[in-house]
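Here the structure is laid out as structure tokens; the discussion comes afterwards.
Keep in mind the model is a prediction, meaning the values are calculated, not measured.
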Amino acid sequence: MPRAPTPIVPLAEAVERFVADGSRVALEGFTHLIPFAAGHEIIRQRKRDLTLVRMTPDLIYDQMIGTGCANALVFSWGGNPGVGSLHRLRDAVEHGWPTPLRLHEHSHAEMANAYVAGASGLPMAVLRSPAGADHAGKGARLGTVTCPFTGEVLAAVPAIRVDTTILHAQQADRRGNVQLWGISGVQKEAALCAEKVVVTVEEIVDRLEPKPGGVVLPSWVVTAVAAVPRGATPSYAQGYYERDNAFYEAWDEVARDRQGFVDWMEKHVLGTRDFAGYLRSVAGGEAAARG
Amino acid sequence: MPRAPTPIVPLAEAVERFVADGSRVALEGFTHLIPFAAGHEIIRQRKRDLTLVRMTPDLIYDQMIGTGCANALVFSWGGNPGVGSLHRLRDAVEHGWPTPLRLHEHSHAEMANAYVAGASGLPMAVLRSPAGADHAGKGARLGTVTCPFTGEVLAAVPAIRVDTTILHAQQADRRGNVQLWGISGVQKEAALCAEKVVVTVEEIVDRLEPKPGGVVLPSWVVTAVAAVPRGATPSYAQGYYERDNAFYEAWDEVARDRQGFVDWMEKHVLGTRDFAGYLRSVAGGEAAARG
Amino acid sequence: MAVTASRLLEDGAVCFVGIGLPSKAANLARATHAPNLVLIYEAGPIGAKPTVLPLSIGDGELAETADAVVSTPEIFRYWLQGGRIDVGFLGAAQIDRFANLNTTVIGPYEHPSVRLPGAGGAPEIAAHAKEVLIILPQSERTFVDRLDFVTTVGYLGGGDARARGGFPGRGPTAVVTDLGLLRPHPETKELVLVALHPGVTVEQAKAQTGWPLRVSESLRATADPEPREIAALRRLERPAPVPPSRGAP
Amino acid sequence: MAVTASRLLEDGAVCFVGIGLPSKAANLARATHAPNLVLIYEAGPIGAKPTVLPLSIGDGELAETADAVVSTPEIFRYWLQGGRIDVGFLGAAQIDRFANLNTTVIGPYEHPSVRLPGAGGAPEIAAHAKEVLIILPQSERTFVDRLDFVTTVGYLGGGDARARGGFPGRGPTAVVTDLGLLRPHPETKELVLVALHPGVTVEQAKAQTGWPLRVSESLRATADPEPREIAALRRLERPAPVPPSRGAP
């Protein structure tokens, strides 16, 4: 209980120590602050048999699924926003490539509530969810509870709890307190439903200045911090850089084809030592866009 | 559905139009931003048979109960923080003076969760609340639900819904959007569980600048706004004025005695036209502290 | 399609919008006849006022122009389930005659021929919004006799099935397609073709529907886009003033 | 009393504190041996570092010095019920031999002779915090054979009654009074006097307890306040630098 201060470590060390093969891992961030650098490091370290949890899998899980890190996915909307399909996710589901993927599928409302329940130490969340829709085969357990006051039957969804949550934030201070701001999605709930919390940040600062819309995670709920500038690219970090919409649009072509995807991942992710190397690799790749 | 803009009106008009005798009313603010001006106006207009809802009744409900506005109280902690008893609340409960008061009594956790359920459109909240404590006679209904996934028995508390919630905030803009910041307690939930929402503000501004810790209520959930500078006194408004701790300490003497209380309310509240008049009256009363 | 849909939105309404066509139509309405339309996106922005169309539902532009940004759980709990949404605006991959929607799979769930993105916010938007607008292209592949998967409930089997199900909102009130406009029959809740875009024929609409399509006796033509609508659409669709991808894949 | 209580708090612990004596003791600990003590107040501040003692639980000083300020529902849901509190620190009007607490009424509930403030955060703090410290003055009126009302559960009827009740936290581990220190017996959970403040006798403690008080065989004296503790208390208790009441009642 005399707590050790939160370690500030290289990302590779954080992933090695706190992401175990076969564990349940959430990398959250609703379009904003998606922890791409951490996802790449998981790919580089060839973690296997992960259960990946995330409302919107986005390109980062497309990459992790396509490189065989995961055997299960808990999610609520699995597309490339505004562009189309996540081809690697589809290939895993439709053809079991590179490895079969079990799905546990929710609506956004169910999943957001399930995260809240996990953060609140409850075994379940209660919500008004429509009856009559298909659930067969979706892999997500649903139940009901009856309100003891009104007799109404309400939907129940099991709480989400994970082994490790990884977030990207704008800033941490030297003691490991973290602040993120802008669209904050379910990041707080994802952090507070996890055994271990790893946060990559744009920068380490002397003092966190409270920001409008700021979400603060005190150091004592943060397991480790790693400084990774531009670590959410091609997602964005409000106040630091914009979303790389062109990358999202171009990804559709890269991921459509297995070999093209493998070559791209080999060259830019597996073939680089760290995220700075990745950024240099893709920046140099504008002409050689197809890998 | 083409919505009328939120009216900005004098406080007396807002109370007259939106606080009905016999209705269920919440004036929230956890120590910070307590809507004293609105409470005084309810006293001046001699509203009757209100069910008052508030986690911490504080001096404002002591004054409203002592002047006979209420016949029921929903609450979770009824003291003068750091000072002692609320003598008018006690007198109403212990001796039915000036009128009997039905209590519906919760813990903070129950009541905070009940507000959340009300804001969420649910009939009840589910929490882990201790079994074994006394509930007999407390007037608050409690029930249980069983988790369909784990079999755990959890406590259930009925949602709070009210006719009118009144808040005090630092700022509104001219369209009736409201922003408050600092300790924000259950204000958002109190607003969102109400049919009508009246907000007194320190000032009307051209544009709300997003603040750290800011809670924004869009104009379309706000029924009316009234500008009442210093309207939370003797509570405080972060960025505007401090809590008047000396007033809280001195109140203990004023409220201890029925006649002293009546004289004080006659002189400073019922005998003044509005909150500005009240502020002048008590400011002039330092020597004549006992009324 | 976006123009017709945008005209269905009344000024001042609170509208929960998905990205893509719904966002485009809602922002067109805001730029033309409904300047006080309140746009809520599931990532957290309330009262967003983007000047260009966002590509994704969590774009920075949405947060920076919003009256408030709240957490995603709060959006679904306090704002949607709390009953504060007038209009839910949805797209879909498949629709049936009772306006039930599929965005999950084509083919059987366990062995889909096409895995679609899934539910997202749609099931609860359709359940809780006071009314629901749906926008999707019309063809035999999208307007199907039987959905491969019921992701989102419209009127279930029709008639009073939805009403008996205890849904807080009253359900879909219009379906806008590239061919025209459909409305549910007041009693049976089956979708009825009530308007066609200029140049589209009833036969064409029937041929591009996977069930025997009912046509209103008072079938009308939708009005041509007005110049100000076209101009507003152009402004919304101009490229955002951001640098090109620094990391071309 | 505050000094003895402050010494029970380990550096780095996360402590949920009520206003008054608990806040005083916790801030004294932070000012002396436990600079990394994390203070959480129910109004919303997390990691508050007040330099003077707050009068109320929502004082501005608490928010301005905090690492984060969250809503009251979040405090009770994510932080307390979420299992993140090491130490809950409570006062009370009455306590029984199994450390159950009454802060509701003296006399029958419907016709109380004294109406007390009520539950506040105590029931759930006592249920969820990993351990609970209690601080209150000791007299026959406060240490009673039978509570008039069980507001907050300590060990219920003793033994394994609490453990069987499914409470997440392990319950009260110490009761600090103006006479000394009591701890629950490891098996029976009945409070045992384990230390006396300098100058207090066992007979006095027994006389000021409403049940036959058990005394530890290894009864010790609490250490006198150290100079740095006294100095820290004086600093915390100095008048806050705010103007006097502008509205004297």
Structural part of D/Glu74 lying under 4.5 Å from a heavy atom of chain B: neither
Distance in Å, D/Thr72 OG1 paired with B/Glu28 CD, rounded so as to fall on 0.5 Å steps: 8.5 Å
Heavy-atom side-chain proximity of B/Ile183 to D/Val69 below 4.5 angstrom: yes
Interface residue of largest heavy-atom contact number with chain B, from D/Gly166, D/Pro123, D/Ala161, D/Ala127, under 4.5 Å: D/Pro123
Heavy-atom check, side chain of D/Glu42 versus side chain of B/Phe30, under 4.5 Å: yes
Contact leader toward chain D among B/Ala131, B/Pro212, B/Gly29, B/Ser184, where contacts are heavy-atom pairs under 4.5 Å: B/Ala131
Region of B/Ala109 that comes under 4.5 Å of a non-hydrogen atom in chain D: both
Heavy-atom side-chain proximity of B/Val116 to D/Arg77 below 4.5 angstrom: yes
4.5 Å side-chain heavy-atom contact, B/Tyr115 and D/Pro73: no
Exercise: identify the closest heavy-atom pair between D/Gly118 and B/Trp77: O-CD1, 3.8 Å
Contacting region of B/His95 [heavy-atom separation from chain D under 4.5 Å]: neither
Distance, nearest 0.5 Å, that separates CZ of B/Arg128 from CZ of D/Phe167: 12.0 Å
Minimum side-chain heavy-atom gap D/Phe149-B/Lys138 below 4.5 Å: yes
Chain D contact via B/Met55 - side chain, backbone, both or neither, heavy atoms under 4.5 Å: side chain
4.5 Å side-chain heavy-atom contact, D/Glu124 and B/His108: no
Atom group of B/Glu249 that falls short of 4.5 Å from chain D, counting heavy atoms: side chain
Shortest non-hydrogen contact from D/Ser71 toward B/Gly185: CB-O, 3.5 Å
When B/Gly79, B/Pro234, B/Ser76 are compared by non-hydrogen pairs under 4.5 Å with chain D, the top option: B/Ser76
Heavy-atom proximity to chain D below 4.5 Å, by part of B/Leu86: neither
D/Thr152 side, atom OG1; B/Asp134 side, atom CG - distance, nearest 0.5 Å: 10.5 Å
Show me the donor-acceptor pairs, under 3.5 Å and distance only, between side chains in residues 105-114 of chain D and residues at least two apart or in other chains.
unit_1	atom_1	unit_2	atom_2	d
D/Tyr109	OH	B/Glu105	OE1	2.4
D/Ser113	OG	D/Ile106	O	3.1

Closest contact, heavy atoms only, B/Ser107 versus D/Ala119: CA-CB, 3.9 Å
